[in-house]
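Shown next, in structure tokens, is the structure this report addresses.
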Amino acid sequence: MSKIEQTVEIPHLGGSTVGYTFAGPYDPALPTLVLINSYTTSAELYRPQFTDPALGSAANLLALEPYGHGRTRASYQHFTYWDSAVANLQALEALGIREAFVLGTSQGGWVAARMALLAPDVTKGLILLGTSMDYESQRSRDLGCWDGIGFNTPYIDALAEPVGEDWVVPDQFMDDVFDAALGGVSGKEREFWLATYRANYAGDAGRHRLRVSTVNLRDRDGLHGRIDEVRSPVLWLHGTSDQVYSVANAQDEIRMFTHSPEARLEVIEGGQHFLSASNPAEVDSAAIDFVKRWG
């Protein structure tokens with residue numbers, strides 16, 4: 001398949017440009033599976049999915065980049081995960097797509113769940129990968145999740161002051177993210193992501209997008225009081241080697257989707273936090289089955 005990388009204009013946040021990538025030409029006869037990337041990555045996180053012919057034959061694959069990520073830009077300087085959910089819904093409307101399944105990795109899962117809450121008639125089903133529905137709470141840490149406050153606060157502080165236009169995100173930042181998310185990357189994969197981060201987070205505007213994205217990760221609101229209103233089916237895939245959010249947390253939270261027609265957790269042995277990258281075969285197969293069942 002040949003990727004189609006473009007942007008679409010929407011009205012949210014004073015007017016925004018949303019970066020999107022189709023895995024191939026849009027086929028109106030197929031359901032659409034929206035892919036929402038994780039913290040500080042981009043649509044490129046889903047390269048394994050874009051090149052899977054079986055998944056591409058089952059659904060139109062459409063990666064939408066949240067605010068602060070990839071090619072997405074807003075006229076306003078601040079944004080939250082709720083804003084990214086609204087932006088995705090407006091992007092779907094602008095692209096003429098009336099309904100879609102939504103898959104989200106980590107923070108992408110928070111955006112996906114918000115889309116389901118805001119527009120249940122649009123969101124046909126949720127596939128959540130390595131995520132949490134909580135804020136960065138003591139409860140989640142007690143269940144074996146990471147210390148998101150401790151991880152993010154030093155970066156928020158370091159990114160507080162304006163920088164020159166020659167600034168680029170330090171290599172160590174990318175290494176720290178991928179150490180937590182995939183146990184690290186090396187060789188050509190590391191060089192790919194270093195180049196991607198340097199392109200996405202450069203100059204003072206890039207610094208500010210990175211800082212607001214990190215503030216959102218640390219200070220987001222939890223969804224425990226809302227997810228009983230999700231009406232779509234939910235498939236949650238979680239890896240046993242996820243260093244950020246634990247299987248125990250996933251087991252507790254999947255039970256909170258009390259009004260979904262089905263809410264099911266599948267644990268993937270050895271799977272990392274960025275599960276679509278560490279275990280694409282298992283993720284793609286599960287997504288195909290889910291879309292076929294609920295499509």
Side-chain angles (χ1 to χ4, degrees), residues 33 35-41 44-49 52 54-55 101-113 125-152 174-187 189-190 193 217-218 220 222-224 227 230 233-257 260 262-291 293:
L33 177 61
L35 310 171
I36 309 174
N37 57 272
S38 53
Y39 169 69
T40 64
T41 64
E44 297 292 342
L45 180 69
Y46 294 109
R47 285 173 294 151
Q49 285 66 49
D52 183 340
L55 183 58
F101 294 94
V102 186
L103 179 152
T105 298
S106 189
Q107 71 166 15
W110 312 331
V111 177
L126 298 179
I127 303 175
L128 308 176
L129 309 182
T131 192
S132 168
M133 295 293 106
D134 202 358
Y135 67 100
E136 294 296 337
S137 69
Q138 185 61 52
R139 170 204 156 274
S140 66
R141 291 189 288 276
D142 290 344
L143 287 172
C145 298
W146 74 335
D147 178 5
I149 296 172
F151 181 92
N152 290 296
M174 190 283 297
D175 284 331
D176 288 349
V177 170
F178 277 82
D179 284 348
L182 283 173
V185 287
S186 60
E189 188 69 5
R190 180 174 183 269
W193 282 112
L217 177 58
R218 185 191 68 178
R220 71 186 183 278
L223 295 178
H224 284 183
I227 54 177
V230 171
V234 179
L235 173 62
W236 188 323
L237 306 178
H238 213 101
T240 59
S241 296
D242 192 319
Q243 300 178 58
V244 178
Y245 299 119
S246 67
V247 170
N249 182 70
Q251 290 170 332
D252 187 48
E253 291 185 328
I254 193 67
R255 294 192 292 265
M256 299 180 187
F257 291 93
S260 297
E262 179 180 85
R264 181 162 51 91
L265 172 67
E266 291 186 13
V267 177
I268 297 180
E269 187 65 34
Q272 296 276 350
H273 184 53
F274 288 179
L275 194 58
S276 63
S278 71
N279 294 72
E282 293 95 326
V283 169
D284 294 3
S285 176
I288 291 169
D289 291 344
F290 185 79
V291 168
R293 178 176 180 188

- Main-chain N/O of I268 paired with E282 side-chain donor or acceptor, under 3.5 Å: no
- Query: Mind checking whether F290 and L33 have side chains closer than 4.5 Å, heavy atoms only?
  - Reply: no
- Task: Flag the pair L143 / Y245 as yes when at least one side-chain heavy-atom distance between them is below 4.5 Å, and no otherwise.
- Result: no
- Query: Any side-chain heavy-atom pair from D134 and R139 closer than 4.5 angstrom?
  - Reply: yes
- To the nearest 0.5 angstrom, please state how far the CG atom of L55 sits from the CG atom of L35. 7.5 Å
- Query: Do the ring planes of W236 and F257 sit parallel (below 30°), tilted (30 to 60°) or perpendicular (above 60°)?
  - Reply: perpendicular
- Task: Output the distance between atom CG (L217) and atom CD (Q107), rounded to the nearest 0.5 Å.
- Result: 7.0 Å
- side-chain hydrogen bond (donor to acceptor under 3.5 Å, both in side chains) partner of Y46, chosen from T41, N37, T105: T105
- Determine yes or no for a side-chain-to-main-chain donor-acceptor pair under 3.5 angstrom, with E253 supplying the side chain and M133 the backbone. yes
- Give the minimum heavy-atom separation between S276 and L129, together with the two atoms involved. CB-CD1, 3.8 Å
- Message: Just so I know, are the side chains of S246 and C145 near enough to count as touching, which here means a heavy-atom distance under 4.5 Å?
- Response: yes
- R141/E136 ion pair, N-O < 4.0 Å: no
- Message: Just so I know, are the side chains of Y39 and V177 near enough to count as touching, which here means a heavy-atom distance under 4.5 Å?
- Response: yes
- Over 12 non-hydrogen atoms of neighbours within 6.0 angstrom of CD in Q138: yes
- Item | Validation row: D242, V247 side chains within 4.5 angstrom (heavy atoms) | no
- Look at the side chain of N152 and the backbone N and O of G148, then say whether any donor-acceptor pair between them is shorter than 3.5 Å. yes
- Message: So does Q243 get a backbone contact from the side chain of H273, meaning a donor-acceptor N/O pair under 3.5 Å?
- Response: no
